[in-house]
Amino acid sequence: MPLADPDLSGSTAFITGTTRGIGKQLALALADHGCNIVSTGKTTDDDDSELAGSIEQTAREVRERGPEALALELDLRDEDRVDEVVEEAIDRFGEVDIVINNASAIQLANVADLPADRFDLLTDVNVRGTHLVAHAFADHLADLDEAWLLTNAPPVTTDRSPGKAPYAWSKLGMSFVTLSLAEELASDDVGCNTFWPVTTIDTRATRYFGLGTEDDWRTPEVVSDAVLEILARDPAECTGESFYDEELLREAGVTDFSEYNLTEGDPAPMSARLFAPEFEREW
């Protein structure tokens, strides 16, 4: 069975954290289906950084695929700036019907080992940032005939996460905000859902924090293919759900995930088990 091939021409997606990794892949995958992209993040062409990627570079690669793109520098901790870029995106494109909260901060640490400023960073970027973006877009999305708000965050399956509680709290908070918004916008045909990879994804953060080896990772394409499966559905019917990428792709008929793996063999479900230690695949 072929994967979903939604026609996103005429749509515009606002995506946070598009400089590299999952966010950039989401931008390019949606652009391949005709979607205009608002590329946001902190790294710009003008930064003196050794890190590869920038919001402008992602925008250029989107334009090479045909759709329009707008690059806007954004620090999710800055409420005024969030409001400014949302307004600028809507002014530029008229309608923004897909909003994806992808950007987040990560630090896995015990409560005793994490200083308050790092806790504040996790909370401000992840939970508060998701709220600020959702708050800024909520009325606009509700006024559209159909729209989506998706968040890169795990299902809420636990009330504790020893060894990584501050990070887990912040990621689960992203889900809580998104799923609550699904109820608040239930009558407005806005599909509010979360998506989360079963395995760890090969990103700069994964490598920097040493979260396994290449045997444990998949490429960001597994996530973007799963998101396209969501976007092929009816947002009025598909809302208030927490999806794992593997489950979405299995429903689409995928039985062989090797094209997403960095090495031979099936990576363990490390990402799912960050928040659901008892997680087991159903196949």
Side-chain angles (χ1 to χ4, degrees), residues 16-29 41 43 49-53 100-114 118-119 121-122 125-126 151-158 160-175 194-227 229 242-250 254-283:
T16 63
T18 58
T19 55
R20 57 189 70 87
I22 292 173
K24 179 175 183 177
Q25 175 57 32
L26 288 171
L28 299 183
T43 307
S49 173
E50 296 180 357
L51 297 176
I100 302 180
N101 290 299
N102 166 73
S104 66
I106 180 174
Q107 186 161 354
L108 306 182
N110 293 321
V111 171
D113 296 331
L114 191 76
R118 300 303 295 178
F119 179 88
L121 175 67
L122 293 171
V125 172
N126 298 356
T151 299
N152 185 1
V156 180
T157 59
T158 184
R160 69 203 68 192
S161 191
K164 50 189 175 294
Y167 173 65
W169 141 257
S170 68
K171 292 300 293 185
L172 296 174
M174 294 172 70
S175 297
T194 70
F195 59 91
W196 189 247
V198 168
T199 69
T200 308
I201 303 299
D202 182 16
T203 66
R204 173 182 171 271
T206 297
R207 291 177 179 266
Y208 180 82
F209 287 103
L211 303 179
T213 69
E214 291 189 353
D215 290 340
D216 302 307
W217 304 336
R218 284 186 175 145
T219 66
E221 282 80 359
V222 70
V223 179
S224 62
D225 281 352
V227 168
E229 291 294 327
S242 290
F243 294 107
Y244 283 119
D245 57 352
E246 278 188 14
E247 293 177 355
L248 283 163
L249 295 176
R250 284 203 304 271
V254 176
T255 57
D256 182 2
F257 286 80
S258 61
E259 67 176 289
Y260 302 116
N261 300 339
L262 272 67
T263 62
E264 294 184 1
D266 286 321
M270 291 177 59
S271 186
R273 288 177 180 166
L274 274 176
F275 307 100
E278 305 302 319
F279 177 90
E280 294 290 343
R281 290 184 171 104
E282 297 179 359
W283 52 278

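In this text, all values refer to a predicted model and were calculated from it rather than measured experimentally.
Closest approach of V223 to P197, counting heavy atoms only: CG2-CB, 4.1 Å. Considering every non-hydrogen atom in both R20 and A52, the closest pair reads NE-O, 2.9 Å. Here the closest heavy-atom approach between residue P267 and residue W217 is recorded as CG-O, 3.7 Å. The heavy-atom pair separating S104 from M174 by the smallest distance is CB-SD, 4.2 Å. Across all their heavy atoms, V198 and R281 have their closest contact at CG1-NH2, 4.0 Å. Taking each heavy atom of P166 and A109 in turn, the nearest pair found is CD-O, 3.6 Å.
Between K164 atom NZ and Q107 atom CD the span is 14.0 Å, to the nearest 0.5 Å. A distance of 12.0 Å separates OG1 in T200 from CZ in R207, rounded to the nearest 0.5 Å.
Between E259 and R218 there is no salt bridge, since no side-chain N of the basic residue sits under 4.0 Å from a carboxylate O of the acidic one.
Counted by atom type alone, D245 and Y260 present zero donor-acceptor pairs between their side chains at under 3.5 Å. A side-chain donor-acceptor contact under 3.5 Å links S224 and Q25. Looking only at atom types and distance, the side chain of W196 has a donor-acceptor partner in the side chain of S271 under 3.5 Å away.
Between E214 and D202, the closest side-chain pair of non-hydrogen atoms is not below 4.5 Å. Looking only at side-chain heavy atoms (C-beta outward), L26 and N152 stay at 4.5 Å or farther from each other. Residues Y244 and P155 meet the side-chain proximity criterion, which asks for heavy atoms closer than 4.5 Å. Looking only at side-chain heavy atoms (C-beta outward), V254 and D225 stay at 4.5 Å or farther from each other. Side chains of Y167 and R118 form no contact here, defined as non-hydrogen atoms less than 4.5 Å apart. Contact annotation: the side chain of N102 approaches that of T16 to within less than 4.5 Å [non-hydrogen atoms, C-beta and beyond]. Looking only at side-chain heavy atoms (C-beta outward), P154 and T194 stay at 4.5 Å or farther from each other. Contact annotation: the side chain of L172 approaches that of T158 to within less than 4.5 Å [non-hydrogen atoms, C-beta and beyond].
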Report the C-alpha distance between F195 and E247 in whole Å, list the side-chain angles of each, state the deciding distance to 0.1 Å, and finish with yes or no for side-chain contact (heavy atoms from CB on, under 4.5 Å).
CA-CA 10 Å; F195 59 91; E247 293 177 355; over 6 Å; no
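A side-chain donor-acceptor contact under 3.5 Å links T157 to the backbone of F275.
Of the residues listed (T199, D256, N261), the one engaging D266 in a side chain to side chain contact (heavy atoms under 4.5 Å, CB included) is N261, and it is the only one.
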